[in-house]
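See below for the structure under consideration.
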Amino acid sequence: MDVQIHVVGAGSIGLLISAKLAAAGARVTIWTRTMEQAELIAKQGLLLHRLDGKEQAVRLRSDWIEHANANPTIEHASKWIIITVKQTHLDDALLSRIAALAGPAREGQAFTAVLALQNGIGHMRKIGDAMTGMPLYAAVTSDGARRLDMRTVSHTGAGELWFGSMDEKGSNGDKRSGNEQKMLLKTLQSAGFAAFLSNDSEEMMDRIYNKLLVNAVINPLTSIFDVNNGDLPNHPRREALMRALYAESEMILVKAGMTPPREGWQSVLDVCGRTSGNISSMLSDVRAGRSTEIEAINGGIADLAERHGINAPLNLAVMALIEAMQARTNPKGVSLDGRDME
């Protein structure tokens with residue numbers, strides 16, 4: 001059985017996933033926000049800087065998201081739409097194009113599903129509302145990637161990629177969808193990803209919360225102190241603030257339903273060490289004058305705190321600081337470098 005993979009978003013993670021899957025022989029189309037990037041990739045392909053230090057040129061199909069429609073490249077092929085854009089770019093216009101790419105959910109049609117790879121929380125409901133009746137899967141990854149230009153990406157750190165259904169009714173139990181998930185899992189693993197499939201919606205939610213917990217500490221604080229991930233804990237005052245923000249965020253997420261992590265603080269330090277040379281996505285956005293995911297990350301935790309009657313002073317404080325930095329670097333809120341679909 002054949003499968004099409006459509007990656008929506010050509011930022012760091014979108015380029016990494018597209019390049020590795022296409023290099024492994026998967027049928028991949030990457031959808032970009034700008035015609036310029038789509039034409040560049042169509043003409044020159046992608047350039048992947050691998051973990052082993054080697055460069056690999058990769059050819060694949062690319063197109064402008066405004067051209068998206070449901071016409072399949074391969075008749076009767078299954079279709080996975082992997083959304084890698086940041087939460088801040090999941091607006092109605094983009095969601096309508098993704099819905100057009102997926103096509104209407106009809107009985108008897110080839111299998112089509114959406115896999116969402118966003119930081120923070122709240123995006124699953126937004127995507128689900130726009131894609132009524134479409135199988136929807138959540139995913140989290142700890143792989144590190146850095147976009148060097150519109151067609152070049154560096155794989156900066158190996159991690160894990162987990163995905164699974166968030167449907168409490170257990171769409172994983174459907175034989176057809178189960179087979180399609182196993183096929184996607186095999187495809188990801190063949191491309192070199194340490195990929196895993198979760199058949200438990202509560203376990204998947206735990207993984208989303210744990211990723212959120214790490215992001216809530218590293219992203220805003222690297223941005224505020226203007227340091228690489230590895231430098232963040234290398235000062236006693238920065239580490240003290242990291243610990244305090246971690247403790248507040250963990251307490252709120254546990255109250256919201258997360259299983260208390262056994263080595264949660266150590267996992268934050270491990271990510272800092274494993275991606276020591278990386279600039280966090282939020283710091284990159286602040287430096288470039290782009291909008292950040294602060295509302296989806298620390299704002300999401302603050303919303304959970306309010307819902308459960310808990311104070312979240314540190315999360316609110318880092319939100320205010322990042323928002324002030326955004327206003328200072330880019331008062332009009334316009335992308336300064338054109339990287340508006342990462």
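As the structure is a prediction and not an experimental result, all values here were calculated from the model.
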Looking only at atom types and distance, does a side-chain atom of Thr275 sit under 3.5 Å from a main-chain N or O of Asn278, one as donor and one as acceptor?
no
Looking only at non-hydrogen atoms, find the nearest pair between Leu51 and Gly157 and report the distance.
CD2-N, 3.7 Å
So do Met150 and Glu36 actually touch side chain to side chain, heavy atoms under 4.5 Å?
yes
Has Gln37 got a side-chain atom pairing as donor or acceptor with Ala10's backbone, closer than 3.5 angstrom?
yes
Can you see which heavy atom on Asp91 is nearest to which on Leu94, and at what distance?
OD1-N, 2.8 Å
Side chain to side chain, Tyr137 and Gln181, heavy atoms closer than 4.5 Å
yes
Looking at Asp129, I'd like to know if its CG atom is crowded, meaning that more than 12 non-hydrogen atoms belonging to other residues, nucleotides or ligands lie closer than 6.0 Å.
yes
Distance only, no hydrogens: is a donor on one side chain within 3.5 Å (strictly under) of an acceptor on the other, for Gln4 and His6?
yes
Rounded to the nearest 0.5 Å, what separation is found between the CZ atom of Arg290 and the NE2 atom of His89?
8.0 Å
Taking atom CE of Met251 and atom CE of Met258, what is their separation to the nearest 0.5 Å?
11.0 Å
Within the side chain of Ser12, is there an N or O that forms a donor-acceptor pair under 3.5 Å with the backbone of Arg147?
yes
Is any side-chain heavy atom of Leu136 closer than 4.5 Å to one of Met124?
yes
Establish, yes or no, whether the cationic atom of Lys20 lies under 6.0 Å from the six-membered ring centre of Phe193 and within 45° of the ring axis.
yes
Verdict with reasoning, His123 to Ile83, per side chain to side chain contact (heavy atoms under 4.5 Å, CB included)
CA-CA 11 Å; His123 57 286; Ile83 307 175; over 6 Å; no
Can you find a heavy atom in the side chain of Ile81 that is under 4.5 Å from one in the side chain of Leu115?
no
Got more than 12 heavy atoms from elsewhere within 6.0 Å of CZ, Arg146?
no
Any donor-acceptor pair under 3.5 Å from Arg151 side chain to Gly45 backbone:
yes
Would you say CD of Glu263 has more than 12 non-hydrogen atoms from neighbouring residues, nucleotides or ligands within 6.0 angstrom?
no
Derivation and outcome, side chain to side chain contact (heavy atoms under 4.5 Å, CB included), residues Leu241 and Phe225:
CA-CA 11 Å; Leu241 186 52; Phe225 290 111; 4.0 Å; yes
Minimal heavy-atom distance between Ala130 and Leu95, with the atoms involved, is CB-CB, 3.9 Å
Using a 3.5 Å distance criterion without hydrogens, assess whether the side chain of Asp143 forms a donor-acceptor pair with backbone atoms of Gly159.
yes
Can you name the closest pair of heavy atoms from Ser281 and Glu293 and give their distance?
OG-OE1, 4.3 Å
Do you see a donor-acceptor pair shorter than 3.5 Å between the side chains of Thr292 and Gln326?
yes
Minimum heavy-atom separation for Ile279 and Ser284, please, with both atom names.
CG2-N, 3.8 Å
Spacing of CG belonging to Asn311 relative to CD belonging to Glu248, to within rounding of 0.5 Å
8.5 Å
For Leu245 and Pro220, work out which heavy atoms get closest and say how close.
CD2-CG, 4.3 Å
Distance in Å, Lys86 NZ paired with Leu117 CG, rounded so as to fall on 0.5 Å steps:
14.0 Å
Asn210/Ser267 under side-chain hydrogen bond (donor to acceptor under 3.5 Å, both in side chains): CA gap, chis, key distance, verdict
CA-CA 9 Å; Asn210 276 277; Ser267 70; 5.8 Å; no
Trace of the side chain to side chain contact (heavy atoms under 4.5 Å, CB included) decision for Thr112 with Ser78
CA-CA 6 Å; Thr112 300; Ser78 300; over 6 Å; no
State whether the number of non-hydrogen atoms from other residues, nucleotides or ligands found under 6.0 Å of Arg50 atom CZ is greater than 12.
yes
Got Asp270 and Val268 here, is their nearest side-chain heavy-atom distance under 4.5 Å?
no
Is a salt bridge present between Arg243 and Glu239, judged by a nitrogen-to-oxygen distance below 4.0 Å?
yes
Output the distance between atom CG (Leu60) and atom CD1 (Ile5), rounded to the nearest 0.5 Å.
11.0 Å
Report yes or no: do Leu40 and Ile65 belong to one cluster of Ile/Leu/Val/Met/Phe/Trp/Tyr joined by side chain heavy-atom distances under 4.5 Å?
no
Glu203 vs Arg207, test: salt bridge (charged side-chain N to carboxylate O under 4.0 Å, His left out). Steps then yes/no.
CA-CA 6 Å; Glu203 178 196 43; Arg207 294 192 179 280; 3.7 Å; yes
Test item: side-chain donor near acceptor, Ser142 and Glu160, under 3.5 Å:
no
Grouping I, L, V, M, F, W and Y whenever their side-chain heavy atoms are under 4.5 Å apart, do Ile294 and Val214 come out in a common cluster?
yes
When you measure from the side chain of His308 to the backbone of Ile310, do you find a donor-acceptor pair of N or O atoms at a distance under 3.5 Å?
no
Does Arg238 pair with Asp231 as a salt bridge, N-O distance under 4.0 Å?
no
Is it true that, when you exclude Gln189 itself, more than 12 heavy atoms of the residues, nucleotides or ligands shown sit nearer than 6.0 Å to its CD?
yes
Between the OG atom in Ser223 and the CG atom in Asp285, the distance rounded to the nearest 0.5 Å is 8.0 Å
Check the surroundings of atom CD in Glu295: do more than 12 heavy atoms from other residues, nucleotides or ligands lie under 6.0 Å from it?
no
Are any of the side-chain heavy atoms of Ser62 and Thr29 separated by less than 4.5 Å?
no
We want to know whether Asn119 and Lys211 form a side-chain donor-acceptor pair, criterion being a heavy-atom distance below 3.5 angstrom.
yes
Are the side chain of Arg61 and the backbone of Val28 linked by a donor-acceptor contact shorter than 3.5 Å?
no
Checking Val153, Thr152, Leu15 against Leu48 for side-chain contact (heavy atoms from CB on, under 4.5 Å), the one that qualifies is Val153
Give a yes or no answer on whether the side chain of Thr222 reaches the backbone of Ile218 with a donor-acceptor pair at less than 3.5 Å.
yes
Any chain of hydrophobic side-chain contacts (each under 4.5 Å) joining Val227 to Leu283?
no
pair Arg33-Trp64: side-chain heavy atoms closer than 4.5 Å:
no
Using atom types as modelled and distance alone, determine if a side-chain donor or acceptor of Thr84 lies under 3.5 Å from a backbone N or O of Val8.
yes
Same cluster or not: are Leu47 and Val58 linked, directly or through other Ile, Leu, Val, Met, Phe, Trp or Tyr residues, by side-chain heavy atoms under 4.5 angstrom apart?
no
Same hydrophobic cluster for Phe196 and Met204, using side-chain heavy-atom links shorter than 4.5 Å among ILVMFWY?
yes
Polar side chain donor-acceptor pair, Ser276 to Asn229, under 3.5 angstrom:
no
Close side-chain approach of Val3 and Trp80, heavy atoms under 4.5 Å
yes
Test item: Thr156 side-chain N/O and Ala145 main-chain N/O as donor-acceptor pair under 3.5 Å:
yes
Could you walk me through whether Met35 and His67 pass the side chain to side chain contact (heavy atoms under 4.5 Å, CB included) check?
CA-CA 10 Å; Met35 177 75 82; His67 291 163; 3.6 Å; yes
